[in-house]
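Take a look at the structure below.
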Amino acid sequence: MHVAIIMDGNGRWAERRGLPRSAGHRAGARAVRRIVEAATRAPVDVLTLYAFSSDNWSRPPQEVASLLRLLKRYLVSETARCLENGVRLNVIGRRDRLSPDLVRTIEQTELLTRGGQNLQLRLAVDYSARAAIAHAAVLTRGAPCSPQEFERKLAEAVHSDVGVPVDLLIRTGGERRLSDFLLWECAYAELVFVDSFWPDFDETGFDAALREFARRDRRFGGLSRALPPSYSRAE
Ligand code: IPE
Ligand code: IPE
Ligand code: MG
C-alpha cells in the first residue's frame, strides 16, 4: 500500500503559539519521525511525504534556508534509524537547484539505506507534479510507449526507482487541495483531509486515516471491488 501525505500547517501551528515559523518546521520534523515509525508498523510499503514544493521557493529566503537546513539535518540524523528499521530512503523531485552539499547528503543516505526492505520512504523536495509529468514526456522523446513505460519515465524524472500509484492521500492542516503533489499517481487515490496541523499529527491520527481508507469502496470506474485500470496498476 502506498500512502502519501501533504504535511501542512507548520506555520500556523507556530503562529498560534507566538513562535517563529521555523519552530513550526522543527516540530514538523519531529512529527515526521513519529509517522515514519508508525508506517513501519502498519501495512504500508511506500510512504511519500511532501516536504518542499517547487512553489515553496517563493517563500522568504530565511524560511527556505531553514527548511533545507532541517532537511539535511534530518537525513544525517535518521540514516541510522532507517537502517535499524529497514527503511529505504529516496528523495524525489529536482536536484539541480539544491546545494551540492545537500545533493551529496541525499546521495549518501540513499546509498546507505538502499537495502531497506520494510518501507520505502520518499521525501518530495523541490517537487512539482506538473513539472515531473512534463519532464517524463520529454524523456519519451515523442516515441509511443505503454502506460507502464511512461510511469517508469515519470519515476526517472524525479529520481525515484518506483512509480507506484497512491492508494491513500492524507493532507493535514485543514486545506482541501493537492498543491501540485503526485497528480498522476493520485488518479484513484482515496483522499483524507485532517484538520490538525502537521506538528500535532500522531500515530492515532495516522491509524484513523488508515481505518477510514479501509472503509472506502474503491471501484476504479467499475462496479465494486474492481481491479485498478492499467494506468494505475502496479506491474
Ligand atoms: C507545511 O507547512 C510545510 C511546508 C510547506 C514546507 P506550512 O509552512 O505550509 O504551514 P502553513 O500552511 O503556513 O500553516
Ligand atoms: C504544500 O503546502 C507543500 C508542502 C506541504 C510541502 P503549501 O502550504 O505550500 O500549499 P498551499 O500554498 O497552501 O497550496
Ligand atoms: Mg501551508
Side-chain angles (χ1 to χ4, degrees), residues 2-36 38-39 46-75 77-78 89-99 102-103 105-106 120-134 157-160 166 168-186 189-202 205-206 209:
H2 181 184
V3 178
I5 309 184
I6 302 175
M7 311 184 288
D8 196 26
N10 294 351
R12 281 164 289 162
W13 180 91
E15 280 154 25
R16 295 259 167 107
R17 288 164 175 73
L19 297 169
R21 293 177 61 86
S22 57
H25 296 314
R26 281 197 301 277
R30 292 194 287 276
V32 171
R33 288 195 188 97
R34 284 200 300 273
I35 297 307
V36 169
V46 184
L47 177 68
T48 306
L49 302 177
Y50 207 3
F52 186 84
S53 78
S54 294
D55 290 320
N56 289 148
W57 289 111
S58 66
R59 295 190 181 195
Q62 320 84 277
E63 180 167 350
V64 169
S66 92
L67 279 164
L68 296 177
R69 246 195 331 268
L70 209 55
L71 172 70
K72 182 173 174 210
R73 219 179 298 153
Y74 177 86
L75 292 173
S77 72
E78 289 313 287
L89 203 143
N90 176 206
V91 174
I92 64 166
R94 282 179 67 164
R95 295 194 181 172
D96 57 316
R97 299 189 286 197
L98 305 178
S99 73
L102 179 56
V103 174
T105 306
I106 290 170
Q120 177 162 20
L121 171 61
R122 304 195 312 165
L123 293 180
V125 176
D126 196 357
Y127 178 88
S128 152
R130 282 174 300 180
I133 294 166
V158 295
H159 302 94
S160 178
V166 174
L168 167 64
L169 176 88
I170 303 169
R171 182 174 186 140
T172 62
E175 313 291 0
R176 283 156 170 72
R177 53 177 172 258
L178 294 178
S179 302
D180 203 9
F181 190 43
L182 300 173
L183 299 181
W184 177 287
E185 294 85 342
C186 282
E190 295 297 327
L191 311 180
V192 170
F193 297 103
V194 176
D195 286 333
S196 41
F197 296 134
W198 174 250
D200 292 326
F201 195 61
D202 59 11
F206 187 67

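Atoms within a ligand are numbered from 1 in the order they appear, just like the ligands themselves.
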Within the structure provided, determine whether [X] and [Y] are in side-chain contact (heavy-atom separation under 4.5 Å).
| X | Y | answer |
| --- | --- | --- |
| Ser54 | Arg130 | no |
| Arg16 | Phe197 | yes |
| Leu98 | Leu71 | no |
| Asn56 | Val64 | no |

Worksheet item: Side chain, backbone, both or neither: which part of Ser53 comes within less than 4.0 Å of ligand 1 when only heavy atoms are counted?
Response: neither
Item to complete: Determine whether the side chain, the backbone, both or neither of Arg21 has a heavy atom under 4.0 Å from any heavy atom of ligand 1.
Response: side chain
Worksheet item: Rounded to the nearest 0.5 Å, what separation is found between the CD atom of Glu78 and the CG atom of Leu89?
Response: 9.0 Å
Under 3.5 Å, is there a donor-acceptor pair between the side chain of [X] and the main chain of [Y]?
| X | Y | value |
| --- | --- | --- |
| Tyr50 | Ser179 | yes |
| Arg95 | Leu102 | no |
| Asp180 | Ala129 | yes |
| His159 | Arg94 | no |
| Asn10 | Ala27 | no |

Worksheet item: Does His25 have a non-hydrogen atom less than 4.0 Å from ligand 1?
Response: yes
Item to complete: Run the contact test for Gly9 against ligand 1 with a 4.0 Å cut-off on heavy atoms, strictly below, and give the result.
Response: yes
Fill in: Contact atoms of ligand 2, heavy-atom distance to Asp8 under 4.0 Å
2 (O), 8 (O)
Worksheet item: For ligand 2, which atoms, with element, lie under 4.0 Å from some heavy atom of Arg177?
Response: 11 (P), 13 (O), 14 (O)
Which ligand 1 atoms, with their elements, are less than 4.0 angstrom from a heavy-atom of [X]?
| X | value |
| --- | --- |
| Arg59 | 5 (C), 7 (P), 8 (O), 9 (O) |
| Ala51 | 6 (C) |
| Leu67 | 6 (C) |

Report the part of [X] (side chain from C-beta onward, or backbone N, CA, C, O) that has a heavy atom under 4.0 Å from ligand 2; answer both or neither where that applies.
| X | value |
| --- | --- |
| Ala124 | neither |
| Arg12 | neither |
| Phe52 | backbone |
| Asn56 | side chain |

Discussion item. Looking only at distances, can you tell me whether any N or O atom of Glu175, backbone or side chain, sits closer than 3.5 Å to an N or O atom of ligand 2?
Written reply: no
Discussion item. Using a 3.5 Å cut-off on N or O atoms only, is Ser179 in polar contact with ligand 2?
Written reply: yes
Worksheet item: Given Gly11, Gly28, Pro199, Ser66, which one has a non-hydrogen atom that is nearest to atom 10 (O) of ligand 1?
Response: Gly11
Worksheet item: Any idea which protein heavy atom is nearest atom 2 (O) of ligand 1, and the distance to it?
Response: Asn10 N, 3.2 Å
Discussion item. Students often mix this up, so state it plainly: with edges at 30° and 60°, are the rings of Phe206 and Phe201 parallel, tilted or perpendicular?
Written reply: perpendicular
Fill in: Basic-acidic side-chain contact under 4.0 Å: Arg30, Asp202
no
Worksheet item: Taking the N/O/S atoms of Asp8 one by one, which is nearest to the Mg ion (ligand 3)?
Response: OD1
Discussion item. Please report whether atom 12 (O) of ligand 2 has a protein non-hydrogen atom at a separation of less than 4.0 Å.
Written reply: no
Discussion item. Taking only non-hydrogen atoms of Met7, do any sit less than 4.0 angstrom from ligand 2?
Written reply: yes
